[in-house]
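Both counts, for ligands and for their atoms, begin at 1 and track the order of listing. From a predicted model like this one, the values you see are computed outputs, not experimental measurements. If you read the sequence from its start, that first residue is 1, and numbering goes on from there.
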Amino acid sequence: MTKFAFHDGAIVPIADAHVSVTCTTFHYGIGCFAGIRAFWNEEREQLYIFRAGEHYKRLLNSAKFLMSDIGHSNAELIGITTDLLRKESWRQNVYIRPIIYKDDGVFRVQLHDSTDKIAIYSQPVGHYIKKEGALSVGFSSWRRVDDNAIPARGKISGTYINSALAKTEAVMNGFDEALVLTQDGHVSEASAANLFMVRDGVLITPPITDNVLEGITRKSIIQFGREDLGLEVVERSIDRSELYLADEAFFCGTGVGVAAIGKIDHRLVGDGNAGPIAQSLLNHYQKVVTGKVEKYMDWLTPVYS
Ligand code: PMP
């Protein structure tokens, strides 16, 4: 159970970390957030925060879209997060949620002249999608929010209405997760994860300009593919029909990790199980996040010294 939060500039008991009903973000979704994970390494009795610097960079970039200035540097935010996790004394995998919000009352549908705040808390985390084996996914009738409506590359609170519409439609239609197209009909991503496919041994993912969130797992997978698995990795637009023909497809993200897709719109992907490249990337990812790959130790922030 979560005991503490960083709120109004201090680590306080979670029960004291309140926002008012007049909070602007509560009404309009004018906020931005991060979703970071820390992984427990039992042998070393160490908790490693995965790519904290990258997550806070994206958060501060998202804040820039919203003209939110919280007066904390990336390094300070990492320090606060480490203090918070240490105070919780977590000895398990946890999810960390920083959120930047505006707190000016409800009659301020604007970005400028705002009172900007940040809160951070953490909680134990299990599986994001409760399913053994490869996922069955379906294309959503909803389109991904377009960058010239709401910045799609950032993690903006209000954007998640779009994600929730797609996710609920997919689950209520019997799928595990949604695939969402861009306004011009190219494959963008899932409701809260990025997408890769494999065709003829090449690892392919939609470019950020197809209204994709600048995913940190995506960036990591691209590097693993190129440097560690020796694969050709291409960022290019993907047609819906091309995805049906993929040899492999998988999602990646802080929540899902690396999750193989076995069926798309009721058509088998490969033999319907995790393919060899998805499986290798999943194994590698799991080693990296738990501090078992020397090359990537500088991606991890140890919580306990
Ligand atoms: N796309 C969306 C819309 C997301 O919410 C997430 C989760 N943050 C991702 C992709 C994956 O990004 P990351 O690897 O940074 O968690």
Provide, line by line, the atom pairs where ligand 1 and the protein bring an N/O atom each to a distance under 3.5 Å; else say none.
from     : atom 1 : to     : atom 2 : distance (Å)
ligand 1 : 1 (N)  : Glu189 : OE1    : 2.7
ligand 1 : 5 (O)  : Lys155 : NZ     : 3.1
ligand 1 : 5 (O)  : Tyr160 : OH     : 2.5
ligand 1 : 8 (N)  : Lys155 : NZ     : 2.8
ligand 1 : 14 (O) : Ile216 : N      : 3.3
ligand 1 : 14 (O) : Thr217 : N      : 2.9
ligand 1 : 14 (O) : Thr217 : OG1    : 2.5
ligand 1 : 15 (O) : Arg58  : NH1    : 2.7
ligand 1 : 15 (O) : Arg58  : NH2    : 3.2
ligand 1 : 15 (O) : Ile216 : N      : 2.8
ligand 1 : 16 (O) : Thr254 : N      : 2.9
ligand 1 : 16 (O) : Thr254 : OG1    : 2.5

Short N-O contact, Glu235 and Arg218, less than 4.0 angstrom: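 Yes, Glu235 and Arg218 are salt-bridged.
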Phe39 and Tyr48 aromatic centres sub-6.0 Å: no
Aromatic ring proximity His266/Tyr244, centre distance under 6.0 Å: no
Sequence neighbours excluded, every pair satisfying side chain to side chain donor-acceptor pair (under 3.5 Å) that has a member inside residues 200-209: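 Sorted result for residues 200-209: empty, none.
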From Ile96, Thr217, Val289, residue fulfilling side chain to side chain contact (heavy atoms under 4.5 Å, CB included) relative to Thr254: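 Exactly one candidate clears the test, Thr217.
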Stepwise side-chain contact (heavy atoms from CB on, under 4.5 Å) check, Asp83 with Lys87: CA-CA 6 Å; Asp83 289 347; Lys87 186 132 173 126; over 6 Å; no
